[in-house]
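Following: one structure in structure tokens, then a few remarks.
In what follows, chains are A, B, ... by sequence order, proteins preceding strands, each numbered from 1.
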Amino acid sequence: MRLITWNINSLRLRLPLLTRLSEEYAPDVICLQETKVPDPLYPQEALTALGYPHQLYRGMKSYNGVTILSRIPLEPALPHAPDWCGKMDCRHVAARLHPDSGPVNLHNFYVPAGGDIPDPDENEKFAHKLAFLKEAKEWFTAHPPKRSILVGDLNIAPLEHDVWSHKQLLKIVSHTPIETSGLLDWMHTGFKDAMRTAIPEPEKLYTWWSYRNRDWKKSNRGRRLDHIWTTPDILPNMQKITVLSALRDWEPPSDHAPVMMDITL
DNA sequence: ATGGTTGGATGCCAA
């Protein structure tokens, strides 16, 4: 099974890029974040025509929004999914997939970015981000994952070599110790970092480059904000992980590159 | 230290 996760930053604007992505890489499952499309306007038929008849989506006006597209039959894994932080803001969707080897749970998350000031007392958005991490950790502690994959834009680069300069980013939202420890606490409820299993430190590994750099490739001030975790029972089935950084140049680009995993299931 | 760019129910807010 080939799975891709991507913060697409507007599904409707980048539908042509998604078409090209599906043609060039032929993923079986695609998880998208920041679709920015309300459910009534979701392009269900166009995505079916692309070859993904099985879809789960949760969107709202202007912000957030997540979807899972699949060639493989799926059903909603959590009909009563948690309403994270009580905000109903479309940051999580979970599917139960049915590949040949048996059911697998797939979680697709879009964690709050957290604003600019890394202080929960001064910045409500940062407080929301920390509360989200805590709730997610508590939920997976209460529901220990088995045969599960968790992907998404988690908006945190947890390791030293997940950012272009560890030292310069320690006080920058996405790499502060309170966030990185919160993310790893969540992961340790039963997941392994599949990307770093495939591509260990100290190799630099980024999935996001700011729009604000004139030449993202030349400055290469990236961060690993997008993640793929799996439970240990299926981690040995992983074959390969690739960051599709070429897409950072496809016009008009998202500021995130997709991450692709091949796994035998 | 500062400012840089993009998307969207835009003339500002979130990222």
Sub-4.0 Å heavy-atom contacts from residues 111-127 of chain A onto DNA chain B, ordered by number: Ala113(A), Lys125(A)
Nearest-Å distance once atom C1' is located in both dT2(B) and dG8(B): 26 Å
Distance between P atoms of dG3(B) and dG7(B) (Å, rounded): 23 Å
Residue pairs, two or more places apart or on separate chains, that pass salt bridge (Lys or Arg N to Asp or Glu O under 4.0 Å) and touch residues 13-28 of chain A: Arg20(A)-Glu24(A)
Any residue meeting ring-ring contact (aromatic ring centres under 6.0 Å, His included) with Phe126(A), in chain and number order, not counting sequence neighbours: none
Parallel, tilted or perpendicular: ring planes of Phe109(A) versus His92(A), cut at 30 and 60 degrees: parallel
For Trp208(A), the rest of its hydrophobic cluster, which grows through side-chain links under 4.5 angstrom: Leu225(A)
Base versus backbone protein contacts along nucleotides 3-11 of chain B [heavy-atom cut-off under 4.0 Å; B, S, -]: -BBSSSB--
Salt bridge (Lys or Arg N to Asp or Glu O under 4.0 Å) partners of residues 255-265 of chain A, not counting sequence neighbours, each pair once: Arg2(A)-Asp262(A)
For His166(A), all residues meeting ring-ring contact (aromatic ring centres under 6.0 Å, His included), sequence neighbours excluded: His175(A)
Whole angstrom value for the distance that separates C1' of dA1(B) from CD of Gln168(A): 13 Å
Pairs meeting criterion salt bridge (Lys or Arg N to Asp or Glu O under 4.0 Å) with involvement of residues 216-238 of chain A, two or more places apart: Asp162(A)-Arg224(A), Asp193(A)-Arg224(A), Lys217(A)-Asp249(A)
For Glu75(A), side chain to side chain donor-acceptor pair (under 3.5 Å) partners two or more places apart: His98(A)
